[in-house]
Amino acid sequence: MKPKFDIIRLSKWFLLLSSAITVAGIVVFAIFGFNLGTDFKAGSRVQISFSQPVNQEKVEQMFQSIGVPMRDTTITVAGTRQNVAVVRFPEVLTSAQQNKLDGAEKAYFGKDLPDSVQTVDPFVATQTAHKAVYAVLIAAAFIVIYIAIRFEFRFAIAGIIALLHDVFIVLAAFALLRREVDLTFIAAVLTIVGYSINDTIVIFDRIRENLKIVKPKDVETLKQLVNRSLWQTMSRSINTVVTVLIAAVILYFFGGVSIRNFTFALIIGLVSGAYSSIFIASPLWVLMRGRSLKRGKRKETAKTELV
Amino acid sequence: MKWGRFLAFLLMAAVIVGGTAGSVTNLWKSIPLGLDLQGGFDLLYKIEPLPGQPITESGKQALVQAVENRINNLGTESPMIDLEGQNELRVQLAGTFNQAHAKQVIGTTAQLQIYSSAKVDKKTGAVTGPAGKLLATGSDLKSNAHWVQDPNTGQNEVAISFKNPTQWENITKQYYMKPIYIFLNGQLLTDPVIQQKMYSGDSVISGASLNTVQACTQLANSINAGALPYNLSLVSQQSVGPSLGQESLKATLWAGLAAMVLIFIFMIVMYRMAGLIADLALVAYGYVTIAVFDGMHIVLTLSGLAALVLGVGMAVDANIITYERIKDEMRNGRSLKSAVKIGNKNALRTILDSNATTFIAGAVMYVFGEGDIRGFATALMISIIVSLLTAVLLSRVLLFTFTNSNAIRRPWWYGVGKGVLKNDETKV
């Protein structure tokens, strides 16, 4: 693609924009925290087996009749014949409510149905979340080592900052928009990590290749080289993110409603991943590389070689 | 035009499309869905060492095997059994079934004990509990008890073997022609009379209550289960509702299919004939990935599904990188054939580096993560390897065969636009 504008020259605005979103996210997060889904809250889970397919509306009415608010409550239908209703409450049902359940079943469905009421501990979910953070951080460390060996250390740093940026943007977006964070969110974050690093490396590879042809002697030529590399890979960057976005957007609108938070995180992360590879990772690398160039060539007054 | 090459290309295309269309639905249906997709039961156990038996790696493997045997007896589909941390065992059972029964079968440690005598209720003559000397326990037996049939009498029996043959030898010498009493969790299983002295440590148990194959298999299973190397104590249990109900899952799969079709169309619009080749490779990618999942008995979870979506993205990306490279080479004034060749060569290094980095991320998540994270990592690593074989290697073979058949000479068919062939901005 032909260069449309100088990305590196404008990069400080992009860095500023990303920082602003991140800071806003941190502030909101610090004040309100995440809107945690039922996965991360203690509550009750009621499983009722019917002899015929579940009538969700009736189940909802039944619980309201015994004084349980159905706000933030999810009813999932399972079983081979759609005959099992699993209702997850964000709070623990009182024993009085539980005792009323059998009577309510008779009133609404004609008979006492086999059910089980369990108190759910968020232990498993929080444990998984902690392990995910841990796994992502270690993965980041290994990615740094690999890129440092295959490319150079500065690429590794820039790539990892872009990766963490994408994760942060998604976290910030969820905190700002008060979107619910549930267990599927973890799968989305892992996917974004994979996409982000893959997307960044392709651009770095082109910069590396162009560096082999011309060795920039000053910051200006370095900026031009990176700008050129970015535009050379622009068609690919756009086409690739468009294909994955096609999948994510369609899944968001037409896939299961219960995974909307997951696909939403995916959409934000994919856009951020494509954006950060171009507008964050590469300018950061220019900053770092430029600084060492200046340090090395301070005494030399090499003439700018226009390319 | 070289018809041989062109026919070879058509044949490959036909095999990919035909093979996939023929068997993909059956293959897909045979992949078990994980706990988060269809709901089920999640149990977390702490592994506790028995006196004199510290926890070892091989012991833990034996434990997993023993637990798996128990669950298989339950008839539950595709259990997921994972060792977690230093001394935890997670069991996930998908689907709906009798949870209390399942918990009992997995959770209760079966204590197998062999006693020299037993308490007998004087009125009924029934055995009520163990007495006398404890001769051996389940931990003295190998976990390989199985049903056998006496070759002479045709009687059903259970074959057992002792870890230490001399122990059995001593018992059989001491209790020759006397009964011994085998208890499971304090309940009398069988009280066989020792018929001969044993030197090899191998033996068979038979008795009135063991007259059917089923009874023998059940006892063998109990003995094997009793030979669990460690105690298991339940840390947490919960029934997990599916994040996708049946209806939702169906909608998601249809949406996924629609997304694939749109991606196919997008690739054809952008890269025309080359895009079609990329689509063929993508079909092969999808098919092979599903086949690998099926072959490795991998349970599909939501995070696994997410990794597959990422895999599709990376597979498409590999083709886009290659085709953009080919365009670059044409801009630099190369002929179509040489641009295809050089473009592929240059793109390969980029693709390998980016895939390797993501693969490393997957491998690290596999090693350091557990449960869902591991499921994601496994699916991601499989996707990347399959993508390299299909979206890179197969796609390359298809593209070369097609290009060299000379069926098409206009660069337009490779998505190269009009203005592209001028030497413009890429010239250094």
Side-chain angles (χ1 to χ4, degrees), chain A residues 2-3 45 47 74 76-80 82 84 86 88 118 120-121 123-124 128 131-132 134-135 138-139 142-143 146-147 150 183-184 186-188 190-191 193-195 197-198 201-202 205-206 213-214 231-232 235-236 239-240 242-244 246-247 250-251 254-259 262 307, chain B residues 36 38-39 42 44 96 236 238-239 241-249 251-252 254-256 258-259 262-263 266-267 270 302-303 306-307 309-310 312-314 316-317 320-321 324 328 349-350 353-358 360-362 364-365 368-373 376 380 424-426 428:
Chain A
K2 280 183 187 171
R45 182 191 295 283
Q47 189 167 339
T74 49
T76 6
V77 176
T80 41
Q82 311 286 315
V84 179
V86 182
R88 175 74 159 83
Q118 277 182 313
V120 184
D121 200 282
F123 173 73
V124 176
T128 308
K131 281 174 187 160
Y134 179 67
I138 299 178
F142 275 82
I143 291 171
Y146 180 77
I147 304 179
R150 287 286 297 158
L183 265 183
T184 63
I186 294 171
L190 296 181
T191 313
V193 168
Y195 180 81
I197 199 67
N198 181 65
I201 293 292
V202 173
D205 182 73
R206 184 58 73 102
I213 305 169
V214 197
W231 285 105
Q232 280 171 351
S235 310
R236 172 264 165 189
N239 287 353
T240 297
V242 165
T243 50
V244 284
I246 288 175
I250 293 217
L251 283 175
F254 303 104
V257 180
S258 48
I259 56 162
F262 166 78
V307 183
Chain B
D36 54 349
Q38 65 165 332
D42 179 300
L44 187 66
T96 41
S236 88
Q238 64 173 316
S239 69
S243 16
L244 283 174
Q246 289 284 327
E247 282 310 305
S248 255
L249 185 64
T252 307
W254 278 113
L262 271 182
I263 290 174
F266 177 80
M267 289 300 282
M270 291 308 292
L302 183 69
S303 34
V309 173
L310 177 59
V312 171
M314 287 175 65
V316 175
D317 188 40
I320 291 180
I321 292 170
E324 287 298 329
D328 279 354
R349 201 199 47 231
T350 314
D353 256 332
S354 64
N355 277 262
T357 318
T358 313
I360 287 172
V364 173
M365 286 176 194
F368 294 98
E370 276 154 12
D372 268 359
I373 300 158
F376 175 86
L380 182 59
D424 50 28
E425 80 273 12
T426 51
V428 179

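The figures that follow rest on heavy atoms only: side chains count, while hydrogens, waters and symmetry mates do not.
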When [options] are compared by non-hydrogen pairs under 4.5 Å with chain B, the top option:
| options | value |
| --- | --- |
| A:Phe142, A:Tyr134, A:Tyr146 | A:Tyr146 |
| A:Val244, A:Ile197, A:Val202, A:Asn239 | A:Asn239 |
| A:Ile138, A:Leu251, A:Val242 | A:Ile138 |
| A:Ile143, A:Thr243, A:Leu190, A:Ile246 | A:Leu190 |

task = Under 4.5 Å heavy-atom distance to chain A, tell me which part of B:Ile321 shows up: side chain, backbone, both or neither.
result =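 Answer is both: backbone and side chain atoms of B:Ile321 are under 4.5 Å from chain A.
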
message = Need one label for B:Val316: side chain, backbone, both or neither, based on atoms under 4.5 Å from any heavy atom in chain A.
response =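 Contact with chain A is through the side chain of B:Val316 alone.
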
Closest non-hydrogen atom pair, [X] against [Y]:
| X | Y | result |
| --- | --- | --- |
| A:Ala132 | A:Ile186 | CB-CG2, 3.5 Å |
| A:Ala247 | B:Ala259 | CA-CB, 3.6 Å |
| B:Ala255 | A:Phe254 | CB-C, 3.8 Å |
| B:Phe376 | A:Ala187 | CE1-O, 4.1 Å |

query = When you check the gap from the basic side-chain N to the acidic O, do B:Asp328 and A:Arg236 get nearer than 4.0 Å?
reply =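 The answer is no: the pair does not qualify as a salt bridge.
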
Tell me, out of [options], who's got the most heavy-atom pairs with chain A below 4.5 Å.
| options | value |
| --- | --- |
| B:Arg349, B:Met314, B:Met270 | B:Arg349 |
| B:Thr357, B:Leu380, B:Asn355 | B:Thr357 |
| B:Ile263, B:Val309, B:Val312 | B:Ile263 |

key: Distance, nearest 0.5 Å, that separates CD1 of B:Ile360 from CZ of A:Arg150   =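 The CZ atom of A:Arg150 is 10.0 Å from CD1 of B:Ile360, to the nearest 0.5 Å.
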
query = Quick one: what part of A:Tyr195 sits under 4.5 Å from any heavy atom of chain B, side chain, backbone, both or neither?
reply =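 When you check distances to chain B, atoms from both the backbone and side chain of A:Tyr195 fall under 4.5 Å.
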
inquiry  = Run A:Val193 and B:Met365 through side-chain contact (heavy atoms from CB on, under 4.5 Å) and show every step you take.
reply    = CA-CA 11 Å; A:Val193 168; B:Met365 286 176 194; 4.2 Å; yes

